2 protein chains.
Amino acid sequence: MSHTAKNLISNLSVDCVVFGFRNNRLEVLLIKRKRNPIKERWALPGGFILADETLDDAAIRILEETSNVKNIYLEQVHTFGAVNRFPARRVVTVAYFALIDPEKHSLKPGIDTTDAQWFNVTETKGMPFDHDDILNKALIQLRQSVRFKPIGFELLPIKFTLTHLQTLYESIIGMHLDKRNFRKKILKTGLLIPLEEFQKGVSHRAAQLYKFDLHKYKKLVKNDYSFQI
Amino acid sequence: MSHTAKNLISNLSVDCVVFGFRNNRLEVLLIKRKRNPIKERWALPGGFILADETLDDAAIRILEETSNVKNIYLEQVHTFGAVNRFPARRVVTVAYFALIDPEKHSLKPGIDTTDAQWFNVTETKGMPFDHDDILNKALIQLRQSVRFKPIGFELLPIKFTLTHLQTLYESIIGMHLDKRNFRKKILKTGLLIPLEEFQKGVSHRAAQLYKFDLHKYKKLVKNDYSFQI
DNA sequence: TCAAAAGTGTTTGCAATACACCCATGC
DNA sequence: GCATGGGTGTATTGCAAACACTTTTGA
């Protein structure tokens with residue numbers, strides 16, 4: 001909110017629901033603001049858009065400014081326009097969800113932000129404005145999207161085990177999956193490349209590492225994601 | 001655009017892609033404006049939102065004002081925010097799609113509108129602004145939605161034949177469907193109530209009429225549309 | 001009696017599900 | 001040697017897809 005100098009559009013904001021996979025569960029990134037109206041309360045990272053940037057660009061900039069998060073997968077979710085959703089005046093907000101691998105990003109609070117942390121998605125109730133609704137809608141969309149787009153990969157490190165991937169899917173859709181059936185399906189998509197590498201330092205049989213076939217993925221995107229988990 | 005008196009928000013608009021099923025194909029409602037910047041060109045019905053109305057309300061009002069269309073199914077599609085999408089100044093627009101039965105609505109051009117007509121979806125290329133993109137995105141979303149939500153019914157009269165319904169589905173998804181398989185699937189959803197009525201005045205065997213089980217539909221909406229065509 | 005669309009079942013293949021044991025590793 | 005998660009195959013079921021003829025009606 002320190003962009004008056006840069007010609008911001010004061011009735012249009014962007015809010016981002018950043019999902020990350022940490023501690024074997026799905027978490028969401030919240031920040032604390034320095035200033036009112038939500039000084040010292042955990043909330044979704046958000047901000048006003050600038051006169052000369054697109055909505056996507058605004059989302060990217062806001063994430064970088066508030067929490068030092070870059071180079072992410074973004075998807076527009078919904079635009080929230082309840083008349084009184086913002087207390088001071090009419091502000092409509094465009095909600096995005098973003099997916100990142102928390103290991104790749106050290107969270108540094110940025111401009112106008114005092115803190116940035118990961119929270120379990122179930123522990124976020126009571127956020128200001130309509131942020132609870134926004135998170136909810138983003139979660140619903142993530143659950144849909146993950147079945148038709150291989151975006152789950154965005155949340156994992158480059159090399160991962162099949163069990164990692166399965167746990168990720170389970171934590172998104174909130175259901176237990178059968179190990180053998182999951183492996184069959186996910187390998188049949190042809191999007192995984194098995195590596196000649198294995199886990200190290202685990203006190204049980206070391207799992208094989210896989211990476212994601214970026215080339216096939218790009219093709220799939222062009223063909224409208226014609227696959228399903 | 002005649003609402004300056006009513007405190008409109010001049011950088012936020014709503015555009016509506018209204019689909020109707022006419023002449024056994026999917027059509028879309030376009031209007032002609034009286035004034036610039038798009039005087040006398042066919043375009044999507046749209047307008048600025050008022051300071052005291054939600055986005056959904058704006059969509060409803062705009063459809064009523066421009067084309068006398070009421071009581072419709074609405075779904076938010078996407079928000080378009082390219083910096084130069086509107087020539088004069090920065091305007092971000094929230095796109096909706098709407099479904100109506102054209103028989104139920106006589107199109108009357110309304111405020112600031114000189115004409116309102118139905119067009120085949122394939123004949124609409126060359127609309128002003130980013131309306132081509134908006135239509136495209138709405139069509140994609142309609143195709144997705146129709147498989148998981150029984151919104152196809154919104155496009156039909158109360159009583160209809162199974163062949164009507166099948167033709168509707170075919171025109172939305174753009175593929176031919178097998179008659180027997182379609183009937184099996186659609187009847188298995190339990191959303192159709194067969195009536196003791198038949199077509200009249202047709203020069204071939206009269207088809208049975210069905211109506212839609214509103215009660216079951218409402219339940220389904222609550223349960224997150226857990227069915228699939 | 002002809003034309004035009006309505007209505008109706010069965011077979012086949014594939015994909016989803018359910019399910020249990022041995023393997024490798026570190027301690 | 002024991003605890004821990006890794007890794008693997010088969011049998012069953014249900015759903016999707018392909019497919020053609022008889023019925024009814026109006027002209």
Side-chain angles (χ1 to χ4, degrees), chain A residues 21 23-25 143-144 146-148 150 156-157 159-171 173-211 220 225-229, chain B residues 21 23-25 143-144 146-148 150 156-157 159-211 225-229:
Chain A
F21 187 58
N23 308 322
N24 271 347
R25 59 179 195 223
R143 285 186 180 136
Q144 294 285 329
V146 84
R147 299 194 50 219
F148 299 98
L156 289 177
K159 301 174 185 180
F160 51 85
T161 70
L162 295 183
T163 303
H164 275 147
L165 188 59
Q166 182 177 344
T167 314
L168 169 61
Y169 270 85
E170 289 176 337
S171 68
I173 62 177
M175 292 198 316
H176 172 75
L177 299 171
D178 180 87
K179 184 162 60 160
R180 280 174 288 194
N181 293 337
F182 177 78
R183 285 167 184 232
K184 255 181 287 181
K185 259 203 248 186
I186 205 82
L187 290 173
K188 196 155 55 76
T189 66
L191 288 167
L192 292 184
I193 301 174
L195 303 173
E196 298 304 309
E197 278 181 77
F198 293 81
Q199 276 183 315
K200 274 173 196 151
V202 287
S203 74
H204 53 77
R205 177 168 172 182
Q208 188 169 15
L209 296 175
Y210 287 77
K211 71 175 186 183
L220 211 60
Y225 301 106
S226 46
F227 93 111
Q228 198 177 140
I229 296 294
Chain B
F21 187 59
N23 309 323
N24 272 348
R25 61 181 193 222
R143 285 184 181 138
Q144 294 286 330
V146 84
R147 298 194 51 221
F148 298 99
L156 288 177
K159 301 173 186 182
F160 50 85
T161 70
L162 295 182
T163 302
H164 275 147
L165 188 59
Q166 181 178 344
T167 313
L168 168 61
Y169 271 84
E170 288 177 339
S171 69
I172 291 176
I173 64 179
M175 292 197 318
H176 173 75
L177 300 172
D178 179 86
K179 185 162 58 159
R180 281 173 288 194
N181 293 336
F182 177 78
R183 286 169 183 231
K184 257 181 287 181
K185 260 204 246 183
I186 204 83
L187 289 174
K188 197 156 54 74
T189 65
L191 288 167
L192 291 184
I193 301 174
L195 302 173
E196 296 305 310
E197 278 182 77
F198 293 81
Q199 277 184 314
K200 275 174 195 152
V202 288
S203 76
H204 55 77
R205 178 168 172 180
Q208 189 170 15
L209 296 175
Y210 287 76
K211 70 175 187 183
Y225 301 105
S226 47
F227 93 110
Q228 199 177 136
I229 295 295

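The chains referred to below are lettered A, B, ... by the order of the sequence lines, with proteins before strands, and numbering in each begins at 1. Values in this document were obtained by computation on a predicted structure and should not be read as measured data.
Residue A:Q208 is in sugar-phosphate contact alone, with no base atom involved, counting any heavy-atom pair closer than 4.0 Å across all strands shown.
Contact between the side-chain N/O atoms of B:R183 and the OP1/OP2 oxygens of C:dT8 is not found at any separation under 4.0 Å.
For the salt bridge (charged side-chain N to carboxylate O under 4.0 Å, His left out) test, residues two or more places apart in sequence or in another chain that qualify with B:K159 are B:E197. By the side chain to side chain contact (heavy atoms under 4.5 Å, CB included) test, B:T161 is found to be paired with B:T163, B:H164, B:Q199, B:A207, B:L209, residues two or more places apart in sequence or in another chain being considered. Annotation: salt bridge (charged side-chain N to carboxylate O under 4.0 Å, His left out) contacts of B:R180 (sequence neighbours excluded): none. B:R143 pairs by the salt bridge (charged side-chain N to carboxylate O under 4.0 Å, His left out) definition with nothing, not counting sequence neighbours. Annotation: side-chain hydrogen bond (donor to acceptor under 3.5 Å, both in side chains) contacts of B:R205 (sequence neighbours excluded): none. Shown here are the side chain to side chain contact (heavy atoms under 4.5 Å, CB included) partners of A:P157, two or more places apart in sequence or in another chain: A:D101.
Distance CD1 (A:I186) to P (C:dA16): 12 Å, rounded to an integer number of Å. Per the geometry, NZ belonging to B:K179 stands 14 Å off P belonging to D:dT22, to the nearest Å. Remark: P of D:dT23 and CD of B:Q199 are 20 Å apart, rounded to the nearest angstrom. The CG atom of A:L165 sits 15 Å away from the C1' atom of D:dG6 (whole-angstrom rounding). Residue B:F182 contributes atom CZ, which lies 18 Å from atom P of C:dG9 at whole-angstrom precision. As a whole-Å value, the separation of B:E170 CD from C:dA5 P is 14 Å. The CG-C1' distance, from B:L187 to C:dT8, rounds to 12 Å in whole Å. The distance between atom NE2 of B:H164 and atom P of C:dA5, rounded to the nearest whole Å, is 12 Å.
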Between the protein and nucleotides 10-15 of chain D, which nitrogen or oxygen pairs are less than 3.5 angstrom apart?
residue, atom, partner, partner atom, Å
D:dT10, O4, A:K184, NZ, 2.8

Distances for protein N/O vs nucleotides 23-27 of chain C N/O pairs under 3.5 angstrom?
residue, atom, partner, partner atom, Å
C:dA24, N3, A:R205, N, 3.2
C:dT25, O2, A:S203, O, 3.2

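Among pairs with a residue in residues 165-179 of chain B, none fulfils salt bridge (Lys or Arg N to Asp or Glu O under 4.0 Å), at least two apart in sequence or across chains.
Closest approach to the A:T163 side chain among D:dG6, C:dT8, C:dA20 is made by D:dG6 (side chain taken as heavy atoms from C-beta onward). Checking D:dG6, C:dG7, D:dC19 against the side-chain heavy atoms of B:D178 singles out D:dC19 as nearest. When the nucleotides C:dT17, D:dA20, D:dA17 are ranked by their closest atom to the side chain of B:R180, D:dA20 comes out on top.
In terms of modelled atom types and a separation under 3.5 Å, the side chain of B:Q166 and the main chain of B:L177 share a donor-acceptor contact.
In plain terms, the two heavy atoms of A:P150 and A:Y169 that are nearest each other are CA-OH, 4.4 Å.
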